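Here the structure comes first, spelled out in structure tokens, and everything after it is commentary.
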There are 2 protein chains.
Amino acid sequence: MGLPVELESLVVHFGEMGSRWGFNRTVGQMFAVIVFIEEPLNADQIANMLSISRGNVSMGLKELQSWQLIRVHNVPGDRKDYFKPAGSIWELALQVLSERRKREVEPTLTLLRTQLMQEGRDHKAFSHERVTEIHDLIELFNTWFNDIQKLKPDSLQTLLKLGAGVGKVLDFKDKLISKDKKVSKTIKPED
Amino acid sequence: MGLPVELESLVVHFGEMGSRWGFNRTVGQMFAVIVFIEEPLNADQIANMLSISRGNVSMGLKELQSWQLIRVHNVPGDRKDYFKPAGSIWELALQVLSERRKREVEPTLTLLRTQLMQEGRDHKAFSHERVTEIHDLIELFNTWFNDIQKLKPDSLQTLLKLGAGVGKVLDFKDKLISKDKKVSKTIKPED
DNA sequence: TATAATTTTCAGAAATTTCTGAAAATTAAT
DNA sequence: ATTAATTTTCAGAAATTTCTGAAAATTATA
């Protein structure tokens with residue numbers, strides 16, 4: 001009963017996308033109202049805005065907290081819990097990616113590792129080779145993402161803006177290095 | 001019936017992860033058998049291995065084809081369609097990412113664009129500012145991913161291996177540039 | 001053209017996920 | 001310690017997704 005009209009399409013959309021992003025419709029909608037409304041909201045307000053049950057809101061808030069996308073905000077003199085986004089849009093986006101990596105690739109990496117540890121396996125077997133390939137790919141991606149996350153937001157932004165331009169820089173670096181070898185000076189990027 | 005025992009845990013796992021990766025359990029399992037078994041498989045073989053109905057297999061194959069993860073392989077003298085992965089593990093991984101971007105971020109980008117085009121909106125409104133931020137973030141990510149995809153596999157691999165080391169290379173590039181501008185300033189490779 | 005082989009479709013069944021709402025639990029105020 | 005405010009839980013209901021299997025459609029063969 002009280003969703004500001006200008007937010008309707010956004011909320012509906014976040015609901016529809018919710019399941020693709022790893023949660024369900026109402027959780028997606030709840031996230032939308034919390035992000036797009038400036039004031040922190042309490043559970044009853046959310047339930048009213050989205051016309052869903054109080055219990056559903058409670059579960060959804062738990063879910064969003066488990067994703068570390070929202071945090072409580074307490075108002076002095078009011079016993080209700082109010083909720084607001086856990087950071088800037090940029091931080092929220094990184095958080096979603098990070099959480100999804102944890103849920104979508106970590107378990108697979110674990111499985112592949114144990115598969116590779118198994119003694120008495122035919123290392124030449126076709127499936128074993130595929131397992132190795134996937135494992136190495138995920139490990140590579142994983143460490144890359146880990147590194148990336150540590151960058152300051154604006155370094156990361158620069159990096160994204162550069163895009164494939166990085167290729168050029170890398171080529172350039174290679175040239176420098178080979179030149180350096182001849183002149184015996186070393187530039188050592190982190191391995 | 002005839003799922004090779006050594007593939008059991010892999011297939012089960014790919015089934016469980018399926019929904020997190022954007023398809024459902026059986027589609028995940030089907031993908032697993034197609035990837036981990038060297039010989040191309042026909043629909044009946046898949047149905048038997050996974051003990052699922054022929055109709056389900058037909059739908060799943062369509063789904064995997066819509067993701068461009070498998071392709072048909074025709075055997076002369078055999079009217080059945082056989083299926084095999086649409087590329088190397090590396091290519092399949094990129095294809096999954098690409099398809100997920102299409103399904104998970106493209107629609108949102110479209111919505112945000114139209115929101116921002118809307119005439120007579122309060123550009124100072126809180127929600128409008130959030131929309132702008134999300135829009136810009138996604139556009140940035142989008143063009144970056146586009147660029148990245150064009151790189152040759154081994155360039156991309158180098159890039160991933162470098163990880164946060166890219167930051168160092170970038171710093172280095174910046175210094176070179178400022179050196180160009182200011183003429184004659186010393187380069188300090190190590191901070 | 002008729003027949004056989006294969007694939008696709010889709011209505012209803014089965015399985016799974018999500019949601020409600022009232023009761024239980026928790027927390028704070030008097 | 002009692003009462004009041006708030007949040008959480010969870011059994012069953014509702015909604016959604018997935019699956020089956022037989023019929024329809026398609027494609028190749030004789």
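Each chain gets a letter, A, B and so on, in the order its sequence line appears, and its residues count up from 1. Predicted model, so just to flag it, every value in this text is computed and none were measured.
- Base pairing of dA22(C): its partner is dT9(D), meeting the Watson-Crick or G-U wobble criterion (both donor-acceptor distances under 3.5 Å).
- Per the geometry, CD belonging to Glu63(B) stands 9 Å off P belonging to dT18(D), to the nearest Å.
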Test ring-ring contact (aromatic ring centres under 6.0 Å, His included) applied to Trp21(A) and Phe14(A), step by step: CA-CA 9 Å; Trp21(A) 297 339; Phe14(A) 272 59; 5.1 Å; yes
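- The two atoms that bring Val35(A) and Phe126(B) nearest to each other are O-CE2, 3.4 Å, heavy atoms only.
- Base pairing of dA15(C) is made with dT16(D), judged by Watson-Crick or G-U wobble geometry with both donor-acceptor distances under 3.5 Å.
- One can find a donor-acceptor pair under 3.5 Å joining the base of dT27(D) and the side-chain atoms of Arg79(B).
- An OP1 or OP2 oxygen of dC19(C) is reached within less than 4.0 angstrom by a side-chain nitrogen or oxygen of Thr26(A).
- A donor-acceptor contact shorter than 3.5 Å is absent between the side chain of Gln118(B) and the backbone of Gln115(B).
- Between Asn56(A) and the phosphate of dT8(D), there is no side-chain N or O to OP1/OP2 separation shorter than 4.0 Å.
- Closest approach to the Lys80(B) side chain among dT9(D), dT27(C), dT6(C) is made by dT6(C) (side chain taken as heavy atoms from C-beta onward).
- OP1 or OP2 of dC19(C) has not a single side-chain nitrogen or oxygen of Arg54(A) nearer than 4.0 Å.
- Using a 4.5 Å cut-off on side-chain heavy atoms (C-beta onward), Asn146(A) and Arg101(A) make contact.
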